[in-house]
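Worksheet: one structure, shown below.
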Amino acid sequence: MLDINWIKANPAAFDAALSARKNVPFKASELIAMDDSRRAAILAVEEAQALRNALSKQIGQAKAQKDEARANELMAEVAALKDAIQAGEATRKEAEEKLRNALLVIPNIPLEEVPRGADEADNVEYFGPNGSPATAAKARPQKPTFTFKPREHFETGEALGQMDFEVAAKISGSRFVVLKGHLARLERAIGQFMLDLHVDQHGYTEVQPPLLVKDDALYGTNQLPKFKEDLFVATTSTELELQEMQDLFKEIVDRDEDTRELLERLEGLESTSDGTEQGGGLRELLHELKETRRFDFQQMDQARTKGVALFERLENLPKGLWLIPTAEVPLTNLVRESILSEDELPLRYTALTPCFRSEAGSAGRDTRGMLRQHQFNKVEMVAITTPETSGDEHEKMLSDAEDVLKQLGIHYRVMTLSTGDMGFGAQKTYDIEAWLPGQDTYREISSVSVCGDFQARRMDARVKGKDGKIRHVHTLNGSGVAVGRALIAVMENYQQEDGSIAIPEVLQPYMKGLKSIGARS
RNA sequence: GGAGAGAUGGCCGAGUGGUCGAAGGCGCACGCCUGGAAAGUGUGUAGGCGGGGAACCGUCUCAAGGGUUCGAAUCCCUUUCUCUCCGCCA
């Protein structure tokens, strides 16, 4: 979320910066107008409140002096203010929500140095802070050479009998895979290796976070409210049942049958205060409705109103949780709603977790193989820094991710994403693309972003400086790296003519010294 | 899942309708004391929002949301979370 005060001070810069972005729904002038009405509403309410508070104090004093006449006079005066205050509160709330909802769907401002562009075609290759193509080439692993035509990972995996898409489809549908035997172990080895690397050598703290999270956490890291369709929801069967009952209720009410008894029973339920009891009673009632259809609805409107109101209350009971699309969500939210002290920073967290993505917008893309799955493992890195150090931390995080590929001996390149290709919350993003000889192309294996205070504002994560000043922290996140894709890269880069896969040296300890996954293993 | 008890500032903890953003303590900061430190001692010490050039003023916040009241940390309702006991469970 951007700072409205900043937008107000720099409206031209705001419009210019976001013209490079897609789908920006508001202009600075519109937001400033919203803020003006918000401030006006606040001022009106607070003036009325100040008056009320002052009069109330006088009432207290008058009562203490037993001056009832004076007290009554003042009370009448305050009573008149009451409506004004309540109306003012409503206006204020509405104005505040309007502005907040607008700010929540505005993407972050790209940093100066980010290449302007429309899409991935405008991304620019990056060779490090002081790097050149030559120095980068020297520091990075080379492309492997083959004396045969390299196969894609799923050809090798299926031939080994250790990668099975068909059975996965039976169990879970498309975009799932089952790994078995040495290949399953190799996947685990890659995850362990990367996690150990970041913990032991790069200064990150290992975390086991929850995989199911609340709305608030997803607002914090900007998956909500804009990217709901990319997520999976975990709901309990009770919640599904509630939904079903509601549909049934509507159907029955619409059928225009006798409601007298129904109404009485709804009233009975309404008078009980316990939500669980209400839910239970409602369920029982609806079962009965479903079985007998014996109600004769005459007081239709009343019944409808009461039923709907009851359901509304029940909807405030427990809601579903979301499956994390990346460990960025729980890791970044570790600092939500807190004020850190400056010498705690930087905080560096890493976790190996499954990630769940609906891939709603990518039907038909990458359908073969395990490149794009609904569920995959990923090692994630998150850093929380002061505003001054986030730029340097971004370079460090990139090199931490690169180190994974260097140690695995996999050739790659780094791209600075253009403004059109960058994610919603990023100020600047580097993608690492691993070389996949089977596909004869580079594919994204890691994405490292600096978000400035964009997420910190949403989460209300702050830092108190040595001077006592409180500011929002900066947040960064990066994959270090995606495990499933790293497995693909290993399988394609280390494949042998006979269909076996050599195991990179750094992984061998995790494979009990196994040097190769053979055709008959 | 059942029964009960709770949630107050960075932390602990008092406060059951009026001048309470909140006693006291710890912690922290600065000063005094000291050769230096400890101890002792004094002062200060929440955040958001709005107004103002500023000093400062106003407003909101005692888990969250709603209500009662002229006035709520305090009374009522709902939700969330924590703890204890019982049940179930990897």
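Order of the sequence lines sets the chain letters (A, B, ...), proteins ahead of strands, with each chain counted from 1.
With respect to A/Arg457 and A/Asp3, a salt bridge is recorded, a charged nitrogen being found less than 4.0 Å from a carboxylate O. Remark: A/Lys8 engages A/Asp36 in a salt bridge, criterion side-chain N to carboxylate O under 4.0 Å. We find that A/Glu94 and A/Lys98 are not joined by a salt bridge, their nearest charged nitrogen and carboxylate oxygen being 4.0 Å or further apart. A salt bridge between A/Glu359 and A/Arg357 is absent, with no side-chain N of the basic residue lying under 4.0 Å from a carboxylate O of the acidic one. Ion pairing between A/Glu97 and A/Arg100 fails under the 4.0 Å rule for side-chain N and carboxylate O. The existence of a salt bridge linking A/Lys396 and A/Asp392 is excluded, since no basic side-chain nitrogen approaches an acidic carboxylate oxygen closer than 4.0 Å.
Here the P atom of nucleotide B/C70 and the CZ atom of A/Arg70 are 17 Å apart, to the nearest Å. The CZ atom of A/Arg52 sits 17 Å away from the P atom of B/G18 (whole-angstrom rounding). For the pair A/Ile339 CD1 and B/C11 P, the computed distance is 11 Å after rounding to whole Å. At whole-Å resolution of the value, NZ in A/Lys464 and C1' in B/G10 are 8 Å apart. Rounded to a whole Å, the CG atom of A/Leu55 is 15 Å from the C1' atom of B/U19. The CG atom of A/Asn5 sits 9 Å away from the P atom of B/G51 (whole-angstrom rounding). Computed from coordinates, the A/Arg38 CZ to B/G51 P distance equals 8 Å when rounded to whole Å. The CD atom of A/Gln86 sits 7 Å away from the P atom of B/G67 (whole-angstrom rounding).
Taking only side-chain nitrogens and oxygens, A/Arg92 never comes nearer than 4.0 Å to OP1 or OP2 of B/G50. An OP1 or OP2 oxygen of B/C49 is reached within less than 4.0 angstrom by no side-chain nitrogen or oxygen of A/Arg39. Between A/Lys93 and B/G66, a side-chain N or O to OP1/OP2 separation shorter than 4.0 Å is present. Taking side-chain N and O atoms only, A/Arg457 has no distance below 4.0 Å to OP1 or OP2 of B/G48.
Using Watson-Crick or G-U wobble geometry with both donor-acceptor distances under 3.5 Å, B/A72 finds no partner in any strand shown. Across all strands shown, B/G36 remains unpaired; no Watson-Crick or G-U wobble contact has both distances below 3.5 Å. Pair assignment for B/C56: B/G51, on the basis of Watson-Crick or G-U wobble contacts that are both within less than 3.5 Å. A 3.5 Å limit on both hydrogen-bonding distances identifies no Watson-Crick or G-U partner for B/A90. The nucleotide B/A46 finds its pairing partner in B/U61, both defining distances of the Watson-Crick or G-U wobble pair being shorter than 3.5 Å. Using Watson-Crick or G-U wobble geometry with both donor-acceptor distances under 3.5 Å, B/U41 finds its partner in B/G31. In this structure B/A5 sits in a base pair with B/U82, meeting the Watson-Crick or G-U test at under 3.5 Å. Base pairing annotation: B/A14 forms no Watson-Crick or G-U wobble pair, as no partner gives both donor-acceptor distances under 3.5 Å.
Checking B/G51, B/U59, B/C49 against every side-chain atom of A/Ile42, the shortest atom distance belongs to B/C49. In this structure, the nucleotide among B/G47, B/U69, B/G50 sitting nearest to the side chain of A/Leu43 is B/G50. Each of B/G47, B/C70, B/G58 was ranked by its minimum atom distance to the side chain of A/Glu46; first place goes to B/G58. For A/Arg462, counting side-chain heavy atoms from C-beta on, the closest listed nucleotide (B/U69, B/G50, B/G48) is B/G48. In this structure, of B/C70, B/G47, B/G51, it is B/C70 that holds the atom nearest to the side chain of A/Met75. The nucleotide whose nearest atom lies closest to any side-chain atom of A/Ile59 is, among B/G18, B/C60, B/G47, B/G18.
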Item to check | ring-ring contact (aromatic ring centres under 6.0 Å, His included) assessment of A/Tyr204 paired with A/Tyr349 | outcome: CA-CA 5 Å; A/Tyr204 292 79; A/Tyr349 297 119; 9.1 Å; no
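When the C1' atom is compared between B/G9 and B/G15, the two are found 14 Å apart, to the nearest whole Å. Spacing between B/C62 and B/G17 at atom C1', rounded to whole Å, works out to 15 Å. B/G31 and B/G24: their P atoms are spaced 24 Å apart (whole Å). Comparing the C1' positions of B/A72 and B/U16 gives an interatomic distance of 11 Å, to the nearest angstrom. The P atoms of B/U61 and B/G67 are separated by 13 Å, rounded to the nearest whole Å. Nucleotides B/C20 and B/U8 have their C1' atoms positioned 12 Å apart, rounded to a whole Å. For the C1' atom pair drawn from B/G25 and B/U82, the interatomic distance equals 24 Å after rounding to whole Å. The P atoms of B/G1 and B/U59 are separated by 44 Å, rounded to the nearest whole Å.
For the residue pair A/Glu89/A/Gln49, the side-chain donor-acceptor check at 3.5 Å is satisfied.
Sequence order on RNA chain B of the closest nucleotides to A/Leu51 and A/Lys57 puts A/Lys57 first from the 5' end. In this structure, A/Asn53 and A/Ile470 both approach RNA chain B, and ranking their closest nucleotides by distance from the 5' end singles out A/Ile470.
Residue contacts shown for A/Ala79 are absent, as no nucleic acid heavy atom lies under 4.0 Å away.
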